[in-house]
Structure formats: structure tokens, C-alpha cells
S.K.: 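I am attaching a structure below and will ask some questions about it afterwards.
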Amino acid sequence: MPSASFSSSRSYVRRSRRKGGHRIPLPSRTQSSEPCESVPCPNNVTGSAMAATACAGPSGSGGGGSPPVPAAAAATTAGHHSPYDLRRKSPPAYHEPGPSGACSLPARKRPRTSLSQGVDVCNVSQYLQYELPDEVLLCILSHLTERDLCRVAQVCKRFNTIANDTELWKSLYQSVFEYDTPLMHPAPCQFEFVAADECEADNPWKESFRQLYYGIHVRPNYRPKKDSRIKYFNTIRAALEYVEERGGSSASACACACACGAAVCSCRRAPAAPAAPAAPALLFVHAGLYQEECLAIDTDVQLIGCAAGNVAESVVLEREAESTLTFGEGANRAYAGHMTLKFSPDATSTMQHHKHYCLEVSDNCSPTVDHCIIRSASVVGAAVCVSGAGANPVIKHCDISDCENVGLYVTDYAQGAYQDNEISRNALAGIWVKNFANPIMRRNHIHHGRDVGIFTFENGLGYFEANDIHNNRIAGFEVKAGANPTVVHCEIHHGQTGGIYVHESGLGQFIDNKIHSNNFAGVWITSNSNPTIRRNEIYNGHQGGVYIFGEGRGLIEHNNIYGNALAGIQIRTNSDPIVRHNKIHHGQHGGIYVHEKGQGLIEENEVYANTLAGVWITTGSTPVLRRNRIHSGKQVGVYFYDNGHGKLEDNDIFNHLYSGVQIRTGSNPVIRGNKIWGGQNGGVLVYNGGLGILEQNEIFDNAMAGVWIKTDSNPTLKRNKIFDGRDGGICIFNGGKGVLEENDIFRNAQAGVLISTQSHPVLRRNRIFDGLAAGVEITNNATATLEHNQIFNNRFGGLCLASGVSPLVRGNKIFSNQDAVEKAVGGGQCLYKISSYTSFPMHDFYRCQTCNTTDRNAICVNCIKTCHSGHDVEFIRHDRFFCDCGAGTLSNQCQLQGEPTQDTDTLYDSAAPMESHTLMVN
């Protein structure tokens with residue numbers, strides 16, 4: 001059908017309709033003083049111009065960007081005026097017939113002479129225009145076609161108002177298009193259902209009809225109204241052949257001829273500006289199952305489903321062989337929307353269908369596929385395939401689910417935008433991206449696949465943003481073989497294995513994602529892969545956070561990694577990542593676990609509040625840890641064991657329930673420039689054959705010794721500051737060794753250096769001063785080499801040696817010590833008065849047989865003389881102890897003390913540190 005010479009360029013955004021705006025108000029039939037005016041044609045306007053002007057609807061005239069449309073009469077509602085000037089006249093009075101029997105009306109209103117004699121034309125006209133009830137007129141108009149309805153709207157104001165009734169156009173609209181909701185079509189390849197009460201147009205049904213009118217229809221066995229100019233076809237192929245014959249346009253030959261049948265088309269006038277490109281042909285495919293159609297589209301054509309209810313489910317295109325719908329070169333403004341595409345190959349057929357798909361987009365075309373349901377029963381290939389250079393479709397709001405193969409396959413340099421799709425429950429990957437394909441995928445929901453969610457491989461690229469990827473059987477996102485995707489703002493969670501899996505030289509940038517609640521690690525990196533993992537939240541994994549193994553690399557930075565069941569980051573088997581600026585905390589296991597010759601640069605991270613060690617380093621691993629804050633752990637800060645090595649430089653390690661650093665079983669790290677403080681069980685513990693070089697560290701304010709060396713361990717301590725310990729400075733016992741050189745050891749609560757139980761360290765050029773007990777104490781058959789040390793200003797003396805101890809002493813300076821023990825003995829005081837039970841002055845101690853003292857009790861010399869005078873007493877040895885008599889642990893009360901302080905046992909050595917019992921469950 002010819003359409004009007006105008007179109008509207010307005011796009012309709014949703015807004016609330018004003019109250020009562022559902023139907024256009026009708027003028028009252030009782031107002032006979034306001035007659036309905038007919039619309040004359042001005043003398044200076046051509047017929048076509050008049051007709052086009054008269055057909056202008058309430059939307060006004062528009063630009064050339066919209067498709068050809070039917071004419072519509074102008075509504076006279078408030079705020080909308082006809083684009084031409086109406087001639088205002090006085091209301092016509094009713095005239096009696098003159099003597100000749102003719103009506104006394106103006107000449108132009110006189111009845112035609114061809115009418116039957118005796119008919120009162122004035123009465124008929126009066127009745128039709130002013131007195132016929134609106135309901136009757138609406139009933140009559142409901143039988144008209146859209147062309148006739150637009151013509152009726154040109155008769156007079158009253159007819160114009162009634163002909164623009166909302167329900168009238170809704171009924172006409174649904175008889176043609178079947179939609180339950182107006183479908184707006186503001187531009188080529190753009191369609192949107194807009195609720196009638198949210199549309200900006202005064203009559204949404206009429207406006208949608210106007211925008212869609214240029215389309216042709218595929219409606220098998222349908223018989224339209226007799227006078228309708230809408231084209232109908234039984235098959236899609238026949239409709240496409242008609243479009244091809246018309247040169248790609250679905251409109252009639254004169255696309256802008258008006259609906260009212262103007263004799264001269266206004267489009268023949270010289271244009272003022274170049275015309276906009278013609279809109280692509282528009283085909284409405286009505287409800288039904290189309291199985292015989294094999295559609296290959298290589299031109300600009302728009303196919304859209306057309307049905308009541310769920311449109312896409314009602315319009316089904318299905319094939320058993322060859323691709324159901326193919327877009328080829330030339331389909332640059334093609335469109336397919338609101339339909340179901342199925343590929344169901346016959347299982348008994350011998351035809352190869354590994355390259356056949358539900359939807360295929362090939363080289364040099366850019367169609368739009370919108371709101372389609374896509375299903376494939378083929379066990380090979382993919383449901384949707386986009387391949388070849390120049391393939392650049394827009395696929396949006398589609399449901400690609402329950403396919404027996406890959407959901408969406410993008411390959412061979414193809415691109416395209418894929419957004420807001422539902423991709424789920426597919427037998428293989430939800431999405432494949434391969435061979436330098438570079439799609440943009442946004443806001444897709446990819447879930448419950450029986451394989452991986454998204455798989456990029458063999459140099460696949462792509463930009464993936466704000467996708468929700470979850471509950472896939474393998475990884476949510478897999479990168480392999482040189483693929484290099486960019487993944488941002490996605491949520492990757494509840495994978496039945498891992499979240500992200502990068503392997504076999506995979507790359508990729510994973511930025512600002514949420515990766516959580518996966519059954520295995522949140523991120524896996526292996527086999528020479530080198531991705532960037534930045535600013536992600538990786539949490540609540542059922543195993544680890546980030547797992548790097550098998551010579552994996554990667555840049556792991558600015559991530560928040562927490563609440564994982566195993567290590568926050570695990571590095572093993574010659575892997576060498578860069579890990580920096582991360583927060584790794586509140587893990588149910590450890591923070592960072594480096595083992596089996598793992599490496600890596602670990603710097604400027606904050607590792608805290610983990611259940612086990614903050615950092616584990618073991619089994620030949622050699623990472624470098626620099627400038628990290630490792631604190632508030634429930635066990636050890638940094639734990640080297642079983643030949644763990646590496647460098648620990650410039651870190652701040654504090655407030656751990658166990659030691660800040662533990663080194664054991666052949667481990668030999670370099671620990672340099674660190675601050676190790678606030679440990680509840682000491683600063684550094686080296687035991688069970690541990691080694692290591694500790695230099696230029698500050699070790700202070702630990703609840704027990706600053707450094708423990710025990711059980712055949714042999715570390716080297718150089719130029720450290722070990723101070724303000726709440727126990728000793730350095731305690732060496734149980735066969736411990738070690739070289740202590742040029743350290744400053746000061747202000748510790750007990751001995752600056754305590755050497756006990758068969759230990760034999762070497763102390764050179766150290767300064768040991770301002771201690772609250774002795775400077776150096778050697779006891780329990782230990783020995784030592786002391787060379788060129790300075791020991792001064794310590795409370796209990798400089799060098800205190802127990803019975804039987806003979807160290808090698810050379811060139812030391814021992815001066816200005818307070819010798820508080822000798823002063824207390826000389827003053828007749830109980831030694832407990834100067835030591836309490838927290839420090840152990842070295843002097844002669846005794847036992848009292850009369851008071852039944854045990855091997856764990858000791859009595860100072862002044863208490864023996866005063867409190868146990870006349871008792872059977874025994875000298876034991878010269879050693880470190882506190883006095884049990886003064887402590888009140890014996891049966892008699894000390895006469896040299898005031899109120900006793902209760903205690904149960906005398907300790908001859910500092911309390912032994914807790915060793916890590918961390919289980920190697922990784």
C-alpha cells in the first residue's frame with residue numbers, strides 16, 4: 001500500500017501516561033453550536049500536497065530517517081494542532097427548503113442533482129456529522145482498513161477525533177500485527193515493545209502501526225481485508241524473492257505516496273537535501289513452524305517474529321540439514337528478532353553437519369540478532385557460529401541454551417557485540433573464542449554449562465564486561481594457547497571446579513572481577529601462562545584463592561583475597577609470578593604458600609589474620625618477599641621449613657600468636673632489613689637444623705626472646721637491632737649454634753644473650769647493653785666463643801657463667817654493669833626481691849632437706865642464712881634461678897621478704913617457644 005509523504009524521526013522513550021489518556025476525548029454531540037468543519041483544499045496547494053498535509057497525524061512531520069509510513073489525520077487534542085490553517089465559520093443554521101425544494105445552503109454545500117428526489121440531504125448530512133452516536137460511528141469505523149480510517153479522519157473534526165480512538169487502533173493493530181504490546185521501531189534494526197501507558201505518543205497503537213506499516217507479512221493461508229494494501233505471503237522465501245524483485249525495499253513503488261490516494265506524489269519535487277538511505281526491507285513472520293525454509297541472507301532485510309503472547313516461542317524456524325539462518329556478505333543492516341531458531345539434524349542422515357549451525361554469520365556482514373531463542377541438537381559444531389574477517393554482528397537478548405554442543409563460537413578474526421544474552425546448560429562450552437577473534441561481550445548470563453563457561457584459545461581475544469558466569473562444570477573462564485582476553489567487572493562464581501583457568505601459554509587481563517565460592521581455586525595459572533590479575537575480589541573459595549603451578553607466571557596485583565579454605569595464593573613447581581599490592585587475609589588456612597621449588601616476587605602486600613602461617617616457604621622454594629606487611633596471624637608470620645629458602649627484605653612482620661619468623665629443617669633464607677615485632681611467642685625462631693642469614697633487622701617488643709636458636713640450628717646474625725624484648729634478646733639452647741656479629745642487643749627484660757644446654761655459638765663485635773638482667777649468661781654445660789664484644793650497663797652483670805662453663809673469651813670489653821645480684825647479696829636481701837619470678841639472676845643456690853625442697857626449687861644464699869638457719873641445707877651450683885623461699889612456694893615464710901608472691905615452680909631457662917604445627921594440606 002502506498003504510504004504517506006512524511007515520516008517521524010522521533011524515538012519514543014518510556015514515560016508515565018497522563019491520567020485518563022488511554023482514549024482520545026470525543027466532542028459532545030449536544031454541542032450543536034460548534035459544528036464539525038470539513039477540510040477544504042486551499043486553491044494554491046496541489047492535490048498531493050494537500051493530501052499529505054491533511055494526513056499528518058499528531059506526531060507531526062519528521063525527517064527522512066524513518067521508513068515509509070501510512071498517512072494519519074491530525075488529532076485536535078490539547079497541545080496538538082493541524083499543520084494547516086482551518087477556516088473558521090459560523091455554525092451553520094438549519095434552513096427550511098426554499099420554494100423550489102432545494103436546500104438554502106451555500107453553493108458549495110448544495111446537494112448533488114444526481115441524488116434521488118425526495119431525499120433530504122441536509123437532514124442526512126446533519127445527522128451523520130452531528131447526531132449519529134459515537135458508539136455507532138466506532139462500530140462502523142472498526143470495519144475499515146487503515147487507509148480508509150485515515151481518509152475518514154480528514155472529513156471533519158469530529159470524525160478526526162473518533163478515527164483516532166485508541167481502542168479502535170488497538171483492534172486494527174492486533175488484527176494485522178498480533179502483538180499484545182505496541183512495538184516501536186524508531187530506527188532501522190531497532191525494535192522495542194513499549195507498554196501503552198508508558199509510551200510518549202498520544203496513541204501508541206497508531207504510532208506503532210505508522211512505524212511498522214512499510215513491512216510485508218509472512219502469514220500462511222491468511223486472507224486479509226479486501227481493500228488492504230498490506231502484502232502477505234505464505235513462505236519466507238516468497239517474501240524474500242518479492243523484496244529482491246523490488247530492489248531490497250518492502251514498500252510499494254512509490255514509497256511516499258499518501259494513504260488518501262493523492263494524484264500527484266510530493267516526492268517528485270526536487271529535494272532540498274540528499275535523501276537518507278532507504279530503510280531495509282521489513283518482513284513480519286507470523287506464528288507457525290517453518291521447517292522447509294533454508295534462509296541465506298546477503299542483503300539488508302529485517303525479519304521479526306509476529307505473534308500474540310511470547311513472540312519468540314510462537315515463531316519457529318527449524319532445519320534438519322544445513323544452517324537454519326545464515327547471514328553472508330552484504331547483510332550489513334540485516335535483522336532477525338523475536339523468533340526461535342532450531343537446528344535438529346536427523347540422526348539417521350549421512351550428511352555431514354559439523355559446519356552447520358542454528359545461526360551462522362560469515363565474512364563482511366553485520367546483522368543484528370535480537371530476542372531470539374536458539375537451540376541446537378547437533379553434537380558437533382556450535383549453535384551460533386560467527387567467523388571470518390569483517391563478521392561483526394550484534395547479538396543481544398538471545399537465549400542460547402540446552403544445546404548439545406558449544407553455545408556461541410566466534411573465530412577467524414570475527415568481531416561483534418554480544419550483550420544481555422542467556423547462555424546456559426550447553427553440553428560443551430557456553431562460548432568459544434578462537435583464532436584472533438575479538439568480540440565484545442557484555443552483561444551475558446553464562447551458567448550451568450556441562451563444560452567451561454567461556455573458553456578462549458589459539459590466540460583468541462575479546463573484551464568481556466559485566467558478565468555473570470557461574471555453576472559451570474569446569475572453569476568459569478578458560479584461557480589457553482596464546483589467547484589474550486580482557487575480562488572486567490565480571491562475577492565468576494560457584495564453579496564446580498575453578499573460577500579462572502589460564503594454561504599452556506595463556507595470557508589475559510582480569511580486572512575488577514568478583515571471583516568467589518568456586519569448588520577449587522578461584523584462579524589457576526600454569527604451564528608458562530602469564531596473565532594479569534588486577535583489582536579482583538577473590539574470596540570464599542572451597543580451596544585456594546590463586547593457584548600458580550607448573551612454571552606458571554603472571555602479575556597478581558591490587559587484589560583482595562580472603563576467606564578461602566586453603567592458601568590465599570599458592571606458588572609451586574618452578575612458577576615465578578609477581579605478587580604485589582594485594583590484601584590476603586582471613587584465610588581458613590595460610591596466606592601465601594610457596595613450595596616445590598616455587599619462586600616469585602612478592603612485594604608490598606598486606607597479609608593478615610590468616611588461620612595458619614602468613615607466608616609458608618618450603619621444599620626448595622626461593623621467593624623474594626619485599627616491603628610486605630605480614631601481621632595479626634593466628635600462628636607464624638613467615639615460616640621456612642624443609643629446605644625453604646628465598647629472601648625476606650624490608651618487611652613489617654608483627655603481632656602473630658607464634659613467632660614472627662620460623663626457620664627449620666635445612667631452610668636457609670636471607671632475612672634482611674625487616675621489622676619483626678609484637679610476636680606473642682618471640683621474634684625469630686630457628687630450630688631443627690635451620691640456617692639462614694639475618695642482617696640489619698629490627699627485632700623488638702616480642703613477648704618472649706627476640707631470636708631463638710635451638711636444636712642444631714646454625715644461623716648467622718649480623719648488624720641486627722634486638723631490643724625491648726619482654727624476655728631475653730637472643731636465646732641459644734639445646735645444641736644451638738650460630739654466628740652473631742655486630743648486633744646491638746639492648747633493653748631486654750632478661751639476658752641479652754642466653755646460651756644453654758650444650759650450645760656453642762660465636763659472638764663477635766656485638767654491643768650488649770642496658771639489659772634488665774645480665775648481658776651474657778652461659779649455663780647448663782654450654783660454651784661459646786666471645787670475641788671483641790662490648791657488654792655494659794646491664795643490671796645483673798656483664799658476663800655471668802654457671803658452674804662448669806668455660807667459654808673462649810677474647811678481647812671483650814665488659815664495663816659499667818650494675819651488678820645488682822652482688823649488691824643484693826652483700827646487703828642481705830633475698831634475691832627474689834630483685835628478680836621476682838620473671839627473671840633469673842645468676843648466683844649460688846641451695847636446697848633445704850628440712851623443708852623437703854625438690855629438684856625444681858632453689859633458695860638464695862641469704863635465705864639459707866636467715867630463713868633456713870639450722871636446717872639441713874645443700875649447695876647445688878652457681879646458676880640462674882629465682883628464690884622459691886622469697887616467692888612463697890615453700891612451707892615456711894621468707895623472713896627477708898614482705899608479702900609473698902605465689903608461684904609454683906622455678907624456671908631455669910626462658911620458656912620454650914611454640915613451634916609451628918602447621919599441616920601441609922596443600
S.K.: Check for a donor-acceptor pair, side chain of S362 on one end and backbone N or O of F327 on the other, with a separation under 3.5 Å.
M.R.: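 It does hold such a pair.
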
S.K.: Counting only N and O atoms by type, is there a donor-acceptor contact under 3.5 Å from the side chain of S228 to the main-chain atoms of P224?
M.R.: no

S.K.: Treating S323 as the side-chain partner and T326 as the backbone partner, does any N or O pair qualify as donor plus acceptor under 3.5 Å?
M.R.: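 Not confirmed, S323 side chain does not pair with T326 backbone.
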
S.K.: Treating S208 as the side-chain partner and P204 as the backbone partner, does any N or O pair qualify as donor plus acceptor under 3.5 Å?
M.R.: no

S.K.: Determine whether N160 and R158 make a side-chain contact, defined as any pair of heavy atoms from C-beta on separated by less than 4.5 Å.
M.R.: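 A side-chain contact is absent here, since even the closest heavy-atom pair is not under 4.5 Å.
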
S.K.: For R237, enumerate each residue passing the salt bridge (Lys or Arg N to Asp or Glu O under 4.0 Å) test, keeping only those at least two apart in sequence or located in another chain.
M.R.: none

S.K.: How far apart are the C-alpha atoms of K225 and L172, what are their side-chain angles, what is the distance that settles it, and do they pass the side chain to side chain contact (heavy atoms under 4.5 Å, CB included) test?
M.R.: CA-CA 11 Å; K225 291 181 179 180; L172 177 61; 4.2 Å; yes

S.K.: With the side chain counted from C-beta on, respond yes when Y290 and V316 share a heavy-atom pair under 4.5 Å apart, and no when they do not.
M.R.: no

S.K.: According to salt bridge (Lys or Arg N to Asp or Glu O under 4.0 Å), who are the partners of D363, at least two apart in sequence or on a separate chain?
M.R.: none

S.K.: For residues 366-373, tabulate all N or O donor-acceptor pairs below 3.5 Å that involve a side-chain atom, not counting sequence neighbours.
M.R.:
| residue | atom | partner | partner atom | Å |
| --- | --- | --- | --- | --- |
| S366 | OG | N332 | O | 2.9 |
| D370 | OD2 | Y335 | OH | 3.2 |

S.K.: So, do F193 and H338 have ring centers that fall under 6.0 Å from each other?
M.R.: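 That pair passes the under 6.0 Å test.
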
S.K.: Is the shortest side-chain heavy-atom distance between Q211 and M184 below 4.5 Å?
M.R.: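 Heavy-atom side-chain distance check passes, below 4.5 Å.
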
S.K.: Between the side chain of W169 and the main-chain N/O of A163, is any donor-acceptor distance below 3.5 Å?
M.R.: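 The answer is yes, because a donor-acceptor pair under 3.5 Å joins these two groups.
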
S.K.: Which residue is it: E320, E318, R375? I am looking for the one with a side chain to side chain donor-acceptor pair (under 3.5 Å) to S344.
M.R.: E318

S.K.: Hey, is the main chain of A312 close enough, under 3.5 Å, to the side chain of T340 for a donor-acceptor pair?
M.R.: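 Here the side-chain-to-backbone pair exists.
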
S.K.: Please determine whether side chain to side chain contact (heavy atoms under 4.5 Å, CB included) holds for the pair S142 and L168, giving the CA-CA distance in whole Å, both sets of side-chain angles, and the decisive distance to 0.1 Å.
M.R.: CA-CA 6 Å; S142 67; L168 183 64; 3.8 Å; yes

S.K.: Would K170 and D165 pass as an ion pair if we require N to O under 4.0 Å?
M.R.: no

S.K.: In terms of side-chain heavy atoms, does Y357 have a donor or acceptor partner in T324 at a distance below 3.5 Å?
M.R.: no

S.K.: Hey, are the side chains of L359 and I395 touching, using non-hydrogen atoms and a 4.5 Å cut-off?
M.R.: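 Touching, per the 4.5 Å side-chain cut-off.
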
S.K.: Whether D420 and K396 form a salt bridge (side-chain N of Lys/Arg under 4.0 Å from carboxylate O of Asp/Glu) is what I want to check.
M.R.: no

S.K.: Is there a donor-acceptor pair under 3.5 Å between the side chain of H185 and the backbone N or O of A187?
M.R.: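 Confirmed, H185 side chain pairs with A187 backbone.
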
S.K.: Between H286 and C306, does the side chain to side chain contact (heavy atoms under 4.5 Å, CB included) criterion hold? Intermediate values first, please.
M.R.: CA-CA 4 Å; H286 287 258; C306 197; 3.4 Å; yes

S.K.: I want to know whether H217 and F177 have ring centres closer than 6.0 Å.
M.R.: yes

S.K.: So, N444 and N421: side-chain donor and acceptor under 3.5 Å apart, yes or no?
M.R.: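 Their side chains do contain a donor-acceptor pair, which is all the 3.5 Å distance test asks for.
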
S.K.: Determine, for E178 against R219, whether the closest basic-nitrogen to carboxylate-oxygen distance falls under 4.0 angstrom.
M.R.: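 The answer is yes: the pair qualifies as a salt bridge.
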
S.K.: Give a yes or no answer on whether the side chain of N164 reaches the backbone of N203 with a donor-acceptor pair at less than 3.5 Å.
M.R.: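 No, the answer is negative, given that no donor and acceptor are paired below the 3.5 Å cut-off.
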
S.K.: Is there a donor-acceptor pair closer than 3.5 Å between any side-chain N or O of Q419 and the backbone N or O of R443?
M.R.: no

